Structure formats: C-alpha cells, structure tokens
S.K.: 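Got a structure for you, questions after.
This structure is a prediction, so every number in the text was calculated from the model and none was measured.
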Amino acid sequence: MQGFIEGLALGFGAAVPIGPVNVLIMSYALVKFRLGLGIGLGAMAVDMGYLFGISFGVLKFSQNELITQILAIFGSIFLFYIAYLTFSGAKNLATQKSGLNGSFWSCFAKGALMNLVNPYIIGFWLSVSGIVALLPSAIMGLAGLFVSIASWVLFLSFIVSRSKKFIGAKAQIAFAYISAILMVGFAIMLIFNTFLKG
C-alpha cells in the first residue's frame with residue numbers, strides 16, 4: 001500500500017503543474033468535456049508507454065543527442081501548430097460557434113503527439129522510473145501513478161467544462177488567446193533548452 005500511495009503522490013506531482021498538456025486540456029474542455037478528456041488521456045497513454053518502455057530498457061536510444069534534437073524540432077513545430085489552431089478557434093468563440101473543433105479521438109491523437117515529440121517528457125520519465133524502482137512495490141507504484149494522472153485529467157476536464165456556463169464569451173476568447181501565446185512560449189523554450197542553453 002505504501003508503494004501505491006507514493007506512486008499516487010508522484011503522479012500528482014507530475015500531472016498538476018501547468019504545462020502545454022494542461023493548457024490544451026483546459027482550452028478544449030471549455031468547448032466540451034470529452035475533448036479535454038481526450039487530450040489528457042492521449043497524453044497519459046504516451047506517458048504510461050514511456051514509463052513501461054523505460055522500465056524494460058526499450059527507450060535507451062532516446063538518450064541520444066541527435067534523437068533529442070530531432071524530437072525537439074518536431075515538438076516545437078507541433079506546438080506552433082497547436083497555437084495556431086487555438087488562436088483560430090478563439091475567433092469562432094466570438095460568433096458563438098464551437099471554437100476548437102474535433103472529435104474525442106482527434107483530441108486523443110493531439111494529446112498523444114504532444115508528449116510523443118517532447119524529448120523532455122522522455123527525460124522526465126527516465127528520472128521517474130528510477131524513483132519508482134526504489135519504491136517498496138514497483139507494480140503498486142505504477143498503479144498509483146496511473147490512478148493519480150487519470151484522476152487529474154478527469155478532474156481538470158470536468159471542472160473546466162462545468163465552469164464554462166459561468167465564463168462569458170469574452171473571457172473564453174481571452175483564455176484561448178492566452179493559451180495560444182503560452183503554446184508559442186513552450187515551443188520557444190523547447191528549442192532554446194535543446195539547442196541554445198549552456
């Protein structure tokens with residue numbers, strides 16, 4: 001049980017901080033609950049895939065500098081693309097259209113791709129896998145991680161989608177524009193940290 005609780009705490013520590021995935025969950029959840037949920041579950045599926053892959057030594061190639069740089073380039077391009085979609089979706093909110101369009105599965109794919117092309121996600125899970133291995137029960141630790149991340153995705157999507165009725169159109173538009181700016185910032189940080197830092 002101790003391993004599960006520690007995995008739970010570790011998962012919440014990983015999921016709660018504001019990053020591109022949480023910003024995207026909130027942007028889409030303001031349109032529909034299932035769209036925000038799709039983003040979060042897609043990202044979580046990749047997280048779990050990375051963690052299991054690292055645990056079995058499958059992702060050792062990801063520590064190669066060239067692979068990291070290639071992922072950073074594709075990751076930043078994808079973040080710029082998401083920023084463009086979010087910015088364009090904000091204009092639709094002004095006319096009370098659906099804003100950010102898509103199905104559950106298209107959002108699932110966006111969330112998955114966002115984590116798939118981010119080399120720092122791999123680095124993060126490399127460090128976490130070392131911590132999980134030290135827990136009293138690694139299996140229970142992984143279960144705790146899964147439960148906490150899934151709970152956070154569900155909670156965030158639900159709260160944001162339910163708060164839509166209390167948020168006016170202008171506030172939703174402003175949030176969409178801020179989200180787009182944050183995505184551009186994340187893309188620039190990804191390039192800077194990969195190619196220019198140090």
S.K.: Between CD1 of I159 and CG of L154, what distance do you get to the nearest 0.5 Å?
M.R.: 10.0 Å
S.K.: So how far is it from M44 CE to F146 CZ, rounded to the nearest 0.5 Å?
M.R.: 4.0 Å
S.K.: Quick check: are there more than 12 heavy atoms from other residues, nucleotides or ligands sitting under 6.0 Å from CE of M48?
M.R.: yes
S.K.: Y84 and M26: same hydrophobic cluster, using ILVMFWY side-chain contacts below 4.5 Å?
M.R.: yes
S.K.: Treating Ile, Leu, Val, Met, Phe, Trp and Tyr as nodes and any side-chain heavy-atom pair under 4.5 angstrom as an edge, say whether I39 and I178 lie in one connected cluster.
M.R.: yes
S.K.: Of all the heavy-atom pairs spanning A45 and F108, show the shortest one and how long it is.
M.R.: CB-CZ, 3.9 Å
S.K.: Roughly how far, to the nearest 0.5 Å, is CG of L41 from CH2 of W105?
M.R.: 8.5 Å
S.K.: Roughly how far, to the nearest 0.5 Å, is CD1 of I25 from SG of C107?
M.R.: 10.5 Å
S.K.: Are I181 and F192 co-members of a hydrophobic cluster defined by side-chain heavy atoms under 4.5 Å apart?
M.R.: no
S.K.: Calculate, to the nearest 0.5 Å, the distance between atoms OG and OH belonging to S179 and Y28 respectively.
M.R.: 10.5 Å
S.K.: What closest approach, in Å, do V21 and A43 show between heavy atoms, and which atom pair accounts for it?
M.R.: CG1-CB, 3.7 Å
S.K.: How are the rings of F158 and F33 set to each other: parallel, tilted or perpendicular (split at 30° and 60°)?
M.R.: perpendicular
S.K.: Find out if a path of hydrophobic residues (ILVMFWY) with successive side-chain heavy-atom gaps under 4.5 Å connects V117 to V184.
M.R.: no
S.K.: Can V147 be reached from F155 by stepping across I, L, V, M, F, W or Y side chains whose heavy atoms are under 4.5 Å apart?
M.R.: yes
S.K.: What pairs of donor and acceptor atoms, side-chain ones from residues 71-81 against any protein atom, are under 3.5 angstrom apart with sequence neighbours left out?
M.R.:
| from | atom 1 | to | atom 2 | distance (Å) |
| --- | --- | --- | --- | --- |
| S76 | OG | A72 | O | 3.1 |
| S76 | OG | I73 | O | 2.8 |

S.K.: Are M183 and L24 side-chain neighbours, meaning at least one heavy-atom pair lies under 4.5 Å?
M.R.: yes
S.K.: Which atoms form the tightest heavy-atom contact between S157 and L37, and what is the distance?
M.R.: OG-N, 3.3 Å
S.K.: Give, for atom CG of L156 and atom CG of N22, the distance between the pair rounded to the nearest 0.5 Å.
M.R.: 5.5 Å
